[in-house]
Amino acid sequence: MHKIIMIKYGELSTKKGNIGLFLSTLKKNIENNLKTADVQIKFDKGRMFVIPKKDNYAEVMRILKNTFGIHEIDIAYEIASDDLQVIGSHVLELLKKQEFKTFKVVTKRSNKNYPLTSMEISKKMGGIILKNIDNLKVDVHNPDILVNIEIRTNASYIYFEKEEGIGGYPVGVLGKGLLMLSGGIDSPVAGYLSIKRGVKLEAIYFESPPHTSVAAKNKVISLARKLAIYNNEIKLHIINFTDIQEAIYKNIPHEYLITIMRRMMYRISEKIAQNNKAKVLINGESIGQVASQTLSSMAAINEVIKMPVIRPVACFDKIEIIDIAKQIDTYETSILPFEDCCTIFVPEHPVINPEAKLCQEYEKLIDYKNLINVAIKNHEVLKINTEKEKTNNLL
Ligand code: ATP
Ligand code: MG
């Protein structure tokens, strides 16, 4: 009998058309995430199994619980036999170590050639338990212990507790998206929600040194590192936005500063996405949160690009967004008080209903195409891992 971690991906198996791609992506992600954990991984139709080579079950479980596409994780005992007497003797050995008065046996039988039905197996196993351990009762509604038996083609499994996985789709199965990652609360949450839907992220951050500090950039790197827990590794594109922002500030009526600045961000983001084979942009815009996020603002900003923009938190209240930020442990980092490039050039009265036509007129006042090309040509790329050492000791 071997102790083993059994992984179930429930919902995935219903996605008939894409099942092959879903499973191969999940396999690859599990292998990647557990690369340094010293485990053996086995695959069987409908299940994956992880066998830690040392006693690091807690670490392995923690990693698997953050792997999207996994719906249930069980610590199970594997038996190389489907003989009920043999399985029964192991069940008894395991049960004798536990305190309980009532139980229920639940059986799954993926080996459909097995001579007994699931119900018959459960009944027989119940009989073996009652015969060998005194003072027990079966309780089908509210048992102290659930004895789960799975008879599979290659082996049989016993487990007692089910741990919920994080769900979602395996990361990357839907392709790549480019997250506009600021140091705020909303964009890391938007990133997390997209990863959960199977989108592999790259991120882009606009900085304006010396108006923005190294601390602000490091904050974004820390946030990217938190997202890397789910995304495996994040390629972070850092754009020096200073010249563009100063040109806007000097030449454009101040009520339009933010609208035009965001149009520039969108243009650059779309180009970086295209150059890196990302299919969509993702950002943390939320309807009505600030002047640049009214519907007219969104329309005036969005018109400069063709690529779809996904706004996962568009309809969430700030409180709902904060709740998720706390769950994924980005909140405390996001509220650190470092100036972002959006906050330093904020006009007193930003326009609430900007007009795209006026934006186009104002933009003629700056040589933005050239500025954008230079910013893209000189941009910095960091690969952010969950482990600090691999990030060039930036933090
Ligand atoms: P957040 O929305 O992340 O809390 P914020 O409120 O400071 O940050 P907004 O001004 O609301 O940002 O901008 C809306 C969205 O635009 C952000 O969620 C983010 O996706 C993107 N964005 C803003 N500033 C930057 C930046 N400096 N670099 C990259 N993306 C940015
Ligand atoms: Mg915001």
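Both counts, for ligands and for their atoms, begin at 1 and track the order of listing.
- Within a 6.0 Å radius of CD in Gln274, more than 12 heavy atoms belonging to other residues, nucleotides or ligands are found.
- Contacts of Val220 with ligand 1, taken as heavy-atom pairs under 4.0 Å, are absent altogether.
- In terms of polar-atom proximity, defined here as any N/O pair under 3.5 Å, Met180 does make such a contact with ligand 1.
- Assignment of Glu207 to the shell around ligand 1 is not supported, since no heavy atom sits closer than 4.0 Å.
- Within 6.0 Å of CD in Gln98 there are more than 12 heavy atoms belonging to other residues, nucleotides or ligands.
- The 12-atom threshold is exceeded at NZ of Lys176, counting heavy atoms of other residues, nucleotides or ligands nearer than 6.0 Å.
- Those atoms of ligand 1 that come under 4.0 Å of a heavy atom in Ile185, given as number and element, are 1 (P), 3 (O), 4 (O).
- Between Tyr157 and Phe49, the two ring planes are parallel [angle under 30°; tilted spans 30° to 60°].
- Only the backbone of Leu181 comes within 4.0 Å of ligand 1, judged by heavy-atom distances.
- Within the 4.0 Å heavy-atom criterion, the part of Met265 lying near ligand 1 is the side chain and not the backbone.
- Taking distance alone, with nitrogen or oxygen atoms compared against 3.5 Å, Gln293 approaches ligand 1 more closely than that limit.
- In this structure, Lys326 satisfies the cation-pi test against Tyr331, with its NZ or CZ atom closer than 6.0 Å to the six-membered ring centre and inside 45 degrees of the ring normal.
- Shown are Lys357, Lys369, Arg267; of these, the salt bridge (charged side-chain N to carboxylate O under 4.0 Å, His left out) with Glu363 is made only by Arg267.
- For ligand 1, one of its N or O atoms has an N or O atom of Gly284 under 3.5 Å away.
- Close approach to Asn283 involves these atoms of ligand 1, each under 4.0 Å from a residue heavy atom: 20 (O).
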